[in-house]
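Read through the structure below, which is laid out as structure tokens, and then see the notes.
In what follows, every heavy atom counts, from backbone to side chain, and hydrogens, waters and symmetry copies are set aside. So you know, we letter chains A, B, ... as the sequences are listed, proteins then strands, and number each from 1.
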Amino acid sequence: MIDIKLLRETPDIVRDSLSKRFIQLDIDTIIDLDKQRREKIQIADELKKRKNDASKAIGRLKREGKDPGDLMEDMKDVSNRIKAIDTEVGDLTANIAELLAVIPNIPHETVPIGIKGEAHRLIREGGAKPEFTFEPVPSFELARRLGLIDFEAAARMSGAGFVIFRGVGARLARALINFMLDLHTREHGYTEVSPPLMVNRKSMTGTGQLPKLENDMYRCEQDDLFFIPTAEVPLVNIHREEILDGNILPISYVASSPCFRREAGSYGKETRGIVRIHQFDKVELVKFTLPGKSYDELERMLSDAEKVIRLLGIPYRIMELPAGEISFASAKTYDIEVWSPARARYLEVSSVSNCGDFQARRAEIRYKKDGEKGFVHTLNASGVALPRTIVAILENCQREDGTVSVPDVLLPYMGGIEVLQ
RNA sequence: GGAGAGGUGGCUGAGUGGAUGAAAGCGCUGGUCUUGAAAACCAGUGUACCUUUCCGGUACCGUGGGUUCGAAUCCCACCCUCUCCGCCA
């Protein structure tokens with residue numbers, strides 16, 4: 001959530017932000033409602049003061065054995081007026097909150113302007129693209145031939161967009177998860193967390209998935225619980241409605257979890273293979289920082305996620321997203337993309353974002369340090385998503401005989417399996 | 001799912017209709033003292049909103065309603081925690 005004061009005092013910053021994101025929203029209505037609300041609060045507060053003073057006087061009179069009858073009679077009317085105004089204020093507050101909740105975060109000043117394509121800024125590249133003496137086979141074909149993934153059985157039991165990793169395929173997924181968790185906990189200082197996979201509405205609102213993305217999530221209607229689309233949601237909500245000691249920041253969490261996404265409306269593209277599926281595993285990184293430190297931490301987080309890909313030896317590149325492409329809650333986002341030789345294109349395996357105080361404001365996550373207080377900054381990064389990383393491993397490490405060599409860093413996790421065959 | 005108990009500030013914990021935004025203790029911050037530290041003593045120490053030069057005001061005792069001139073305190077609903085029973089990986 002953006003600060004209502006920003007809207008009140010410098011509405012042009014918000015207008016500018018919306019236009020950079022190519023979003024049209026009526027903010028004048030909010031500004032007007034906010035003005036009305038404050039006026040009514042003032043009136044109500046004055047009446048409440050009268051009421052409080054009178055109540056004290058009545059108490060005093062009664063104790064002295066005098067009759068406060070008239071005063072009590074007068075206060076009945078005041079009380080009713082307060083009730084009426086409070087109802088109006090309540091309605092206005094709810095109305096404003098609702099409108100404010102759909103305003104996206106303000107992009108950081110360094111974020112490039114634009115939308116698709118050329119507006120993406122290349123930050124750096126790594127790893128050499130493999131040079132094949134044969135036509136590279138697409139990952140879904142390799143996975144099928146090697147018996148790593150069963151698409152048909154998954155479709156039968158759950159529908160399109162679900163997959164079963166089986167045998168060495170499941171082993172590879174588990175190896176990747178363990179490798180990443182070990183890397184982030186041992187070398188990058190993250191605390192491992194195993195969070196709930198279903199969370200309530202308030203949590204989803206706190207991180208910014210709601211109210212906008214309700215249709216993109218699986219929901220258990222009976223209990224009004226949502227399946228998490230990313231572990232970012234439970235990780236950030238760990239500290240919801242808390243005041244953190246500024247001296248223990250930054251706090252860094254890592255979790256591996258399945259992610260559930262309805263991907264409504266995306267049928268037709270990317271439906272083949274495991275590039276876009278309804279349930280996938282992802283290792284997620286989340287940090288809580290002091291406001292002044294978040295952009296330093298963003299770079300560190302980017303390199304933490306990048307390390308995973310570098311150690312796996314997969315060719316990749318890092319792109320900075322333009323304002324028109326960054327997500328709702330983000331102020332600045334880098335994508336890490338891995339190379340898919342069979343498709344001759346890059347696939348996003350990680351999004352690394354600084355949300356500034358946007359989520360902290362929604363989720364009421366504050367800090368206090370040396371008498372100074374405020375909202376923390378929150379950051380999140382995939383570190384990284386499994387299926388597309390598996391695609392990249394299969395395709396980049398494939399050999400002419402149809403087998404795939406396992407990256408060295410995964411060998412300790414593969415129980416002696418060096419080649420997928 | 002059933003029965004019971006309970007949810008008060010950073011923590012422990014008083015408080016059953018008016019002098020309580022909330023006793024007391026602990027913790028924390030500053031000061032005195034000390035070579036320094038500890039102890040002792042003194043002072044301060046919740047969050048948010050409105051107003052704003054200053055001053056000030058309002059709300060908040062799990063959440064939301066209600067009763068009342070007045071609610072932490074009474075009533076209703078819901079949420080959460082604990083104990084026992086049932087069920088269960």
For this session: Assign each of A:G59 and A:E73 to its nearest nucleotide of RNA chain B by heavy atoms, then name whichever residue's nucleotide is nearer the 5' end.
Result: A:G59
For this session: Whole angstrom is fine here: how far is it from CG in A:D74 over to P in B:U68?
Result: 17 Å
For this session: Look at A:K332 together with A:E299 and state whether they make a salt bridge at an N to O cut-off of under 4.0 Å.
Result: no
Exercise. CD1 of A:I85 versus P of B:C50: gap in Å, rounded?
Worked result: 17 Å
Problem set entry | Pairing partner of B:A14 (Watson-Crick or G-U wobble, both distances under 3.5 Å) | none
Exercise. Quantified in whole Å, what is the C1' atom distance between nucleotide B:G2 and nucleotide B:G86?
Worked result: 8 Å
Seminar exercise, completed: Pairing partner of B:A48, by Watson-Crick or G-U wobble and under 3.5 Å for both distances, is B:U58
Problem set entry | Whole-angstrom distance between B:G9 and B:A5, as gauged at atom P | 22 Å
Problem set entry | Paired nucleotide for B:A23 [Watson-Crick or G-U wobble; both distances under 3.5 Å] | none
For this session: Could you check which nucleotide pairs with B:G64 in any of the strands shown, counting Watson-Crick or G-U wobble with both distances under 3.5 Å?
Result: B:C76
Seminar exercise, completed: Quick note, A:K368 side chain, CB onward, closest among B:C50, B:G46, B:G57 is B:G46
For this session: Side chain of A:K62 only, please: which of B:G57, B:U47, B:C69 is the nearest?
Result: B:C69
Exercise. Under 4.0 Å between a Lys/Arg side-chain N and an Asp/Glu carboxylate O for A:R300 and A:D304?
Worked result: no
Exercise. What does A:L71 touch in the nucleic acid at a heavy-atom separation under 4.0 angstrom: a base, only the sugar-phosphate, or nothing?
Worked result: nothing
Problem set entry | Distance between C1' atoms of B:U8 and B:G62 (Å, rounded) | 10 Å
For this session: For B:G18, take OP1 and OP2 only and decide whether either is under 4.0 Å from a side-chain N or O of A:K56.
Result: no
Problem set entry | Nearest-nucleotide pick for A:S79, side chain only, options being B:G70, B:C49, B:G18 | B:G70
For this session: Determine: side-chain N/O of A:K83 to OP1/OP2 of B:U67, distance under 4.0 Å, yes or no.
Result: yes
Exercise. So, are A:D28 and A:R15 salt-bridged, with charged N and O less than 4.0 Å apart?
Worked result: yes
Exercise. Would you say the side chains of A:R399 and A:S405 form a donor-acceptor pair under 3.5 Å?
Worked result: no
For this session: Write down the partner of B:U32 under the Watson-Crick or G-U wobble criteria, each distance required to be under 3.5 Å.
Result: B:A40
Problem set entry | Under 4.0 angstrom between A:R366 side-chain N/O and B:A48 OP1 or OP2 | yes
Problem set entry | Salt-bridge contact A:D32-A:K35 (side-chain N to carboxylate O under 4.0 Å) | no
Exercise. A:R63 or A:K48: which one's nearest nucleotide on RNA chain B is closer to the 5' end?
Worked result: A:R63
Seminar exercise, completed: Atom CE of A:M75 and atom P of B:U67 are separated, to the nearest Å, by 18 Å
Problem set entry | Pairwise C1' distance for B:C82 and B:C33, with rounding to whole Å | 48 Å
For this session: Ignoring backbone atoms, establish whether A:N52 has a side-chain N or O less than 4.0 Å from OP1 or OP2 of B:U58.
Result: yes
Problem set entry | Separation between the C1' atoms of B:G46 and B:C11, rounded to whole Å | 13 Å
Exercise. Paired with B:A5: which nucleotide, if any, by Watson-Crick or G-U wobble criteria at under 3.5 Å for both distances?
Worked result: B:U81
Seminar exercise, completed: Closest non-hydrogen contact found for A:F227 with A:R219 is CD1-N, 4.3 Å
Exercise. Who does B:C87 pair with, Watson-Crick or G-U, both distances under 3.5 Å?
Worked result: none
Exercise. B:A59 C1' sits how many Å from A:I41 CD1, rounded?
Worked result: 10 Å
For this session: May I have the distance from A:R240 (atom CZ) to B:U63 (atom P), rounded to whole angstrom?
Result: 14 Å
For this session: Could you check how far CG of A:D86 sits from P of B:G65, rounded to whole Å?
Result: 10 Å
For this session: Check every strand shown and say whether A:R8 touches a base, only sugar-phosphate, or nothing at a heavy-atom separation below 4.0 Å.
Result: sugar-phosphate
Problem set entry | Gap in Å between the two P atoms, one belonging to B:G13 and one to B:G6, rounded | 14 Å
For this session: Indicate whether OP1 or OP2 belonging to B:U51 is found under 4.0 Å from a side-chain N or O atom of A:R38.
Result: yes
Exercise. Can you tell me how far P in B:G21 sits from the matching atom in B:A71, rounded to whole Å?
Worked result: 11 Å
Problem set entry | Residues A:R50 and A:E46 bridged, charged N to O under 4.0 Å | no
Exercise. If we take the P atom in both B:U83 and B:U45, what is their distance in whole Å?
Worked result: 39 Å
Exercise. Tell me: CG of A:D245 to P of B:G27, nearest whole Å?
Worked result: 17 Å
Exercise. Within this structure, what is the CD1-to-P distance between A:I96 and B:C49, rounded to whole angstrom?
Worked result: 13 Å
Problem set entry | Among A:R201, A:Q209, A:M204, side chain to side chain contact (heavy atoms under 4.5 Å, CB included) partner for A:E214 | A:R201
Problem set entry | Distance below 4.0 Å between A:K373 side-chain N/O and B:U47 OP1 or OP2 | yes
